[in-house]
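Here is the structure we will look at.
By convention in this document, chain letters (A, B, ...) are assigned in the order of the sequence lines, proteins followed by strands, and residues within each chain are numbered from 1.
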2 protein chains.
Amino acid sequence: MSHQSQVTRDQLVAAATRVFADHGFKSATIRQISHLAGANVASVNYHFGDKEALYQEVLKQSFDYVMTRHSSGTERTGASTGALDLRAFVEAMLRPLFGDEADLDGLHGRVLAREVIEPAPAMESWLRSLIEKQACVLDGIVRDLVGQQVDDQTVRLCGMSIMGQILFYSPCRAVAARFYPELPAGAIGVELLADHITRFSVEALQRFTGPAPRASGFEGRGDSEEAETAVHLL
Amino acid sequence: MSHQSQVTRDQLVAAATRVFADHGFKSATIRQISHLAGANVASVNYHFGDKEALYQEVLKQSFDYVMTRHSSGTERTGASTGALDLRAFVEAMLRPLFGDEADLDGLHGRVLAREVIEPAPAMESWLRSLIEKQACVLDGIVRDLVGQQVDDQTVRLCGMSIMGQILFYSPCRAVAARFYPELPAGAIGVELLADHITRFSVEALQRFTGPAPRASGFEGRGDSEEAETAVHLL
DNA sequence: ACATGATTGAAACAGTCATTTAAAATATAA
DNA sequence: TTATATTTTAAATGACTGTTTCAATCATGT
């Protein structure tokens with residue numbers, strides 16, 4: 001493998017990362033990628049075999065990038081409070097989803113987020129293991145905050161509430177501006193967002209101590225039929 | 001317009017709703033749709049002009065369906081507590097996102113959710129107005145729960161936290177099972193989910209009374225550097 | 001410098017896509 | 001029924017897709 005070969009290979013991966021992040025696997029075209037990389041259309045098939053193999057390579061590199069760059073932030077800090085653990089976790093998950101177009105963090109994060117939300121061909125085992133590991137870490141953080149009286153299913157639901165708040169800004173960062181157009185997009189920094197999500201979640205979790213779900217202020221009369229039919233489950 | 005013409009038109013819309021909900025605008029093909037409708041490939045272009053016009057029709061009908069069927073649930077109940085308002089809102093937003101393949105609620109909801117999260121060609125003004133209206137309703141509900149001392153931006157962030165928890169289950173319903181595989185998918189009913197999201201959010205919002213963000217339990221020492229760099233913003 | 005293998009480039013391939021065409025079939029109106 | 005308009009059908013069109021082919025080019029080791 002010559003030197004120039006490695007260069008074009010890298011350029012192809014870089015271009016593919018951007019195109020896949022922007023359009024997804026199916027909508028991205030080899031011609032877009034090769035043109036952006038300044039290479040021939042046949043180069044993808046020569047260097048990687050086919051489109052899907054290139055995608056797997058992009059997925060793998062994005063995975064490695066996020067792991068080495070940010071995943072350390074999701075390790076338990078151990079001695080600190082659960083709130084700080086959560087704060088670090090949220091920011092570590094959130095940061096790759098942001099960053100401008102040129103930012104590597106944003107690109108890699110968007111590729112992974114797209115794959116997680118709508119798995120295109122086949123999710124690789126290492127990506128699945130990453131997700132499960134993160135979910136496990138989050139479980140632990142939540143457990144620290146809610147205490148031991150809460151059952152496992154509730155802990156998982158709380159984890160999903162947190163992940164929902166985070167992933168809301170992934171492929172759907174545009175949706176935030178759509179829901180709240182008057183709120184300038186650039187003004188929502190990662191830190192501000194991480195602060196809010198952490199605070200929102202900590203406030204909620206610190207009251208999830210009791211397993212009795214009806215002890216939380218639903219004493220009003222049920223006007224809406226939807227509310228009436230289901231509020232007994234609370 | 002003959003009677004049979006109207007029949008095939010309706011069948012095309014019905015088939016298109018399903019295919020668009022499953023694959024999105026770009027990936028859905030006219031051949032899929034017309035075959036599912038038992039019509040010719042040219043029928044779409046004859047009855048609607050082109051693929052995008054058919055998509056607009058599907059969007060419009062899904063919009064009307066959700067509006068008449070569920071949007072009443074998002075009206076303020078007025079006299080009841082904010083928590084019940086939130087519970088009704090959450091379930092009204094959540095229900096269309098669920099339901100099995102044959103369920104009309106699920107189909108229409110998924111079409112709209114797909115469009116909101118990743119707007120395909122151009123979001124129509126009535127859809128935009130629906131979103132803004134819903135956001136406004138949610139703002140009001142949140143405002144009722146947090147009180148008047150909280151600034152508008154925080155109210156909006158709280159609204160997005162709630163929407164994040166809801167939309168987490170939209171195209172990404174699979175992601176829940178992915179994060180927590182041992183949790184049987186069917187076991188998470190709409191009511192259970194709505195109960196949890198409502199409880200989680202109410203617990204959080206009821207503590208968002210004070211505008212001072214640092215009064216909420218971040219007194220631990222900062223181990224993680226990410227936490228350290230940003231915790232001063234709290 | 002030369003020969004050999006690795007890499008690139010332009011073109012062509014087969015497949016699918018949305019869309020168009022025009023003839024056939026059907027419904028509607030007289 | 002007959003004439004007219006509407007609707008359906010099969011086939012073709014042109015633009016895209018991923019992939020292949022093969023000659024030209026380049027790099028590398030002798």
Those residues that, when tested against [X], pass side chain to side chain contact (heavy atoms under 4.5 Å, CB included) (two or more places apart):
X         : result
Ala21(A)  : Leu107(A), Arg110(A), Val111(A)
Asp152(B) : Arg143(B), Arg156(B)
Ala53(B)  : Phe48(B), Asp50(B)
Ala16(B)  : Phe20(B), Ile33(B), Leu54(B), Val58(B)

- Message: Run the side-chain hydrogen bond (donor to acceptor under 3.5 Å, both in side chains) test against Gln11(B) and tell me which residues pass, sequence neighbours left out.
- Response: none

Could you state the atom-to-atom distance from [atom1] of [X] to [atom2] of [N] in whole Å?
X        : N       : atom1 : atom2 : answer
Arg9(B)  : dT6(D)  : CZ    : P     : 15 Å
Leu12(A) : dG18(D) : CG    : P     : 13 Å
Leu54(B) : dA18(C) : CG    : P     : 11 Å
Ile33(B) : dT19(C) : CD1   : P     : 11 Å
Tyr46(A) : dC26(D) : OH    : P     : 15 Å
Asn45(B) : dC17(C) : CG    : P     : 14 Å

- Message: For nucleotides 9-17 of chain D, give me one character per nucleotide, 5' to 3': B if any protein heavy atom sits under 4.0 Å from the base, S if the only such contacts are to the sugar-phosphate, - if neither.
- Response: BB------B

- Message: Just N and O in the side chain of His47(A): are any of them under 4.0 Å from OP1 or OP2 of dT8(C)?
- Response: yes

- Winner on side-chain proximity to Thr8(B), out of dT8(D), dT8(C), dT20(C), is dT8(D)

- Query: Between Glu91(A) and Glu191(A), what is the shortest heavy-atom contact and its length?
  - Reply: OE2-OE2, 4.1 Å

